[in-house]
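Notes to accompany the following structure.
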Amino acid sequence: MVVTQELLKRTPLPIAVLDANLRFLACSDFWKQHVPDTDSLLGKPFKETMPELPEELYLDFHYCLEGVEHRTDTLRFVDSRGHAFWYEWKVNSWLGDAGEVNGLIVILEDRTAQKRNEELLERAQEVARIGGWEVDLIKGTMYWSRITKEIHEVPEDFEPNLETGINFYKEGESRDTITRLVGTAMEKGQGWDTELQIITATGKELWVRAKGEAELLDGKCVRLTGTFQDIDKRKKAELEFNALSHRLQMATQTSGIGIWEHNLSTEEVIWDANMYAIYGIRREDFASAREAWDAVAFLEDKDPTVNKVRQAMERGEDVSTMFRAQRPDGDIRWIKAFATTVKDTYGKPVKMLGVNWDITELRNTQLQLQQSEASLKGAFENSRVGMALVGMDGRFMDANPSLCDSLGYSREGLLAKTFQEITHPEDLDADLEMLGEVMEGKRETYQIEKRYIHRNGNIVYVYLTVTGVKDIHGKLSHFISQIVDITSRTEAENRLKHLLDLTGKQNESLVNFAHIVSHNLRSHATNLSMLTQLLINDKIEEGQKEYALNMLHKAADGLHETIEHLNEVVQVKVIRNENLKALNLSKIVEKVLVDLNTQIRQSQTTLQMEIPAGLKVRGVSAYAESILLNLISNALKYRHPDKANRIEIRAVDTGETVTVTIADNGLGIDMARHQRKLFGMYKTFHNNKDAKGIGLFITKNQIESMGGKIHVTSMVNEGSTFTVEFLKSK
Amino acid sequence: MMSAAFKEVCIIDDDPIYQFGMKILMSEVDFSEQILIYQDGQEAIDGLLQKLGRGEALPPVIFLDLNMPIKDGWDFLDDFVQIPHNNREKVTIYVISSSINPADRERARQYEVVGNYIVKPISSENLKEIIAAHG
């Protein structure tokens, strides 16, 4: 038994012998995997000395003690602390001489580690999407693992063979390649490892990694085994990345962007081919990129650039800088550099990655632009022509001193305004209409003559040119206005016009004067001459002599009167603006009515008056009185014999002027006939004994001398309405 | 006594002194048996049309002043030329004006019916010439 005991102890299995009460009788050294000190176990009960074990084991113990010869099982067990174990056991009963059960022989193996590996392997295959396959060339069968089937998207009961397997590969390069590789493997026993495309059962295109090995027996291939991995995602990403980096490479090459890398730990600098191209040098002429940099860097810019980049590297920042480089042919180029610091996983800078490109042309263009902008700005600031940039809403975006000067605003003051606000209201519509045409794209520019309102309220006459400016997208963004102040010119023109008017009026007076001289004066003179001639020649009979003398006296009187009129006409002349005074209209009318009191009463005239109190006109009071006296007395004089005489006097404030109307219901004037000469001298239109044809002539002259106007509407037997416009006094 | 040169002549003028003088001068040269006097153009046109209405002939000589109230000499001329031609073909109008303005003389010449433009004062010599012209 000693031998037997010793034999048991050395058995290379975890084996134990228990008595019928489940106490240890013996155990092998391999039992140590359960309890380190196996010697201490002897004689001790199994359950109390062993670690926690699955209930199923104790159940099998029970069965065997009951008489069952053999029990075996493998199962996964989670103990009360949550640890998972795999146990595999075999339990045999051993019988005594009488065939009674004396005890149990137990082989208990802890398979946890082994099982875990298997589990992991399976899990790993699942995660990595790796399936397995095997071809038995003797039996002519093929086996696919579950994942292999999943990758091919075939049902689990799918039965593949070598041909169907190969036919899953995409027609063309993939299928040709796998056919060739399998052929070579079967022939020469060579394995393969390749990446190809398959078309799955549902028609999906998939990248797979196919690995295979051949098993040869007596130089003949009997078996092929291998793995099959779904690498679609990675492969596609890889292909995409390749395409991207290819594009990037092409882009950097064609754009002339150089790429460089500066390793911080080794201080090694690497340049790509573009870097050399930028500096117009050849890579083979320099031992290192550093050497090349030393050769091309512009002396003044070298240290500042290096320092700036190094500082950024140390701080782990990005950097953007510009420097000059001198090519071997002496050409100086402006280089723009942008670099970023690459850090390791601990955030420590490890290298600087940068790009450089030549911006010489750009910079030259910029400089030219700056220069032209500067000269434009100079022109803008110093031009005697007013200039402004005007926004789409009419707001001044910028204005030059000349314009500010013309309009009386500071630059800030003007920029707070829109052109609409300072445009003369009467000129705004015309301006807006043209501007609208520019906005609608009907025209690009326009010129108009218009008026602005100076800050002090004066009118500024300008010649305006507006041009639309388009942004980079061709959309209208703002306007350029050029404003030539022609106020002084316009004022001169107006003065000239005024002078012309004055000359015209004076000429008119002269014509009237000539008329009086040539006609009226002469008519009296000729009468005198005729009468005296008759008297001297004694052609007049005695009885008529007294009459003739009477006539002579009348002619002399007429001559005198005409000379008086002549004097009046000469006196009426244009009065200078500053000599016009503010006159209270209603007071003047009252005074005139007092003078005419008798005539009004005698003619039983009804008077209706509407003159706003305090309304003032600009004029000379003697003229204003004379005008009103004349017009009102006319209305009294030429009353209709069959109608109750009525006169209406009205004054209306029209803003710039005051309009006075004197309307009667009298005889009226045949306008078709007399309109032309109504205000002419010595024109009478009624058979009235007092009519001398001088009143309206003088009236018109007086009105015009004060800057006013007169016109008349009339109908025979209906009445006349004289309308007089006086300048308003503000 | 010689018979007068014309049976009837017409004076259109509002000036009583002129009318007075003309009458004396006309009787001196025995110008006309009758003298028609109108104070202004309107009165003259009305009077002459009435005359035609009664079937009478128009006076062969009319002395017309230019400057008159209501209807002046020019207006009269404009109205007069509207009268049917057969009624006025033997009429000659003499414009008698104190105006020495050449424009007036030129304007008067535009009217076919105007025989002459005579500046006041008119004299007996003027009247004799007219008689000679109509002889």
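The sequence lines fix the lettering, A, B, ..., with proteins before strands; numbering per chain opens at 1. Just so we're clear, the structure is a prediction, and the values are computed from it rather than from any experiment.
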Nearest-0.5 Å distance, [atom1] of residue [X] to [atom2] of residue [Y]:
X: Leu528(A); Y: Ile17(B); atom1: CG; atom2: CD1; result: 7.0 Å
X: Asn527(A); Y: Phe20(B); atom1: CG; atom2: CZ; result: 11.5 Å
X: Lys120(B); Y: Met530(A); atom1: NZ; atom2: CE; result: 8.0 Å
X: Asp15(B); Y: Met551(A); atom1: CG; atom2: CE; result: 8.0 Å
X: Ser27(B); Y: Lys539(A); atom1: OG; atom2: NZ; result: 9.5 Å

Region of Asp14(B) that comes under 4.5 Å of a non-hydrogen atom in chain A: neither
For Tyr18(B), which atoms come within 4.5 Å of any heavy atom of chain A: side chain, backbone, both, or neither? both
Is it the case that more than 12 heavy atoms not belonging to [X] sit under 6.0 Å from its [atom1] atom?
X: Lys545(A); atom1: NZ; result: yes
X: Lys591(A); atom1: NZ; result: no
X: Glu541(A); atom1: CD; result: no
X: His553(A); atom1: NE2; result: no
X: Lys554(A); atom1: NZ; result: no
X: Met609(A); atom1: CE; result: yes
X: Lys497(A); atom1: NZ; result: no

Side chain, backbone, both or neither: which part of Gln544(A) has an atom under 4.5 Å from a heavy atom of chain B? both
Quick one: what part of Ala525(A) sits under 4.5 Å from any heavy atom of chain B, side chain, backbone, both or neither? neither
Taking every heavy atom of Leu534(A) against every heavy atom of Gly21(B), the minimum-distance pair comes out as CD1-CA, 3.8 Å
Residue from Pro121(B), Pro16(B), Ser124(B), Ser123(B) scoring the most non-hydrogen pairs under 4.5 Å with chain A is Pro121(B)
Applying side chain to side chain contact (heavy atoms under 4.5 Å, CB included) between Ile24(B) and each of Asn537(A), Ile540(A), Leu531(A), report the one that passes. Ile540(A)
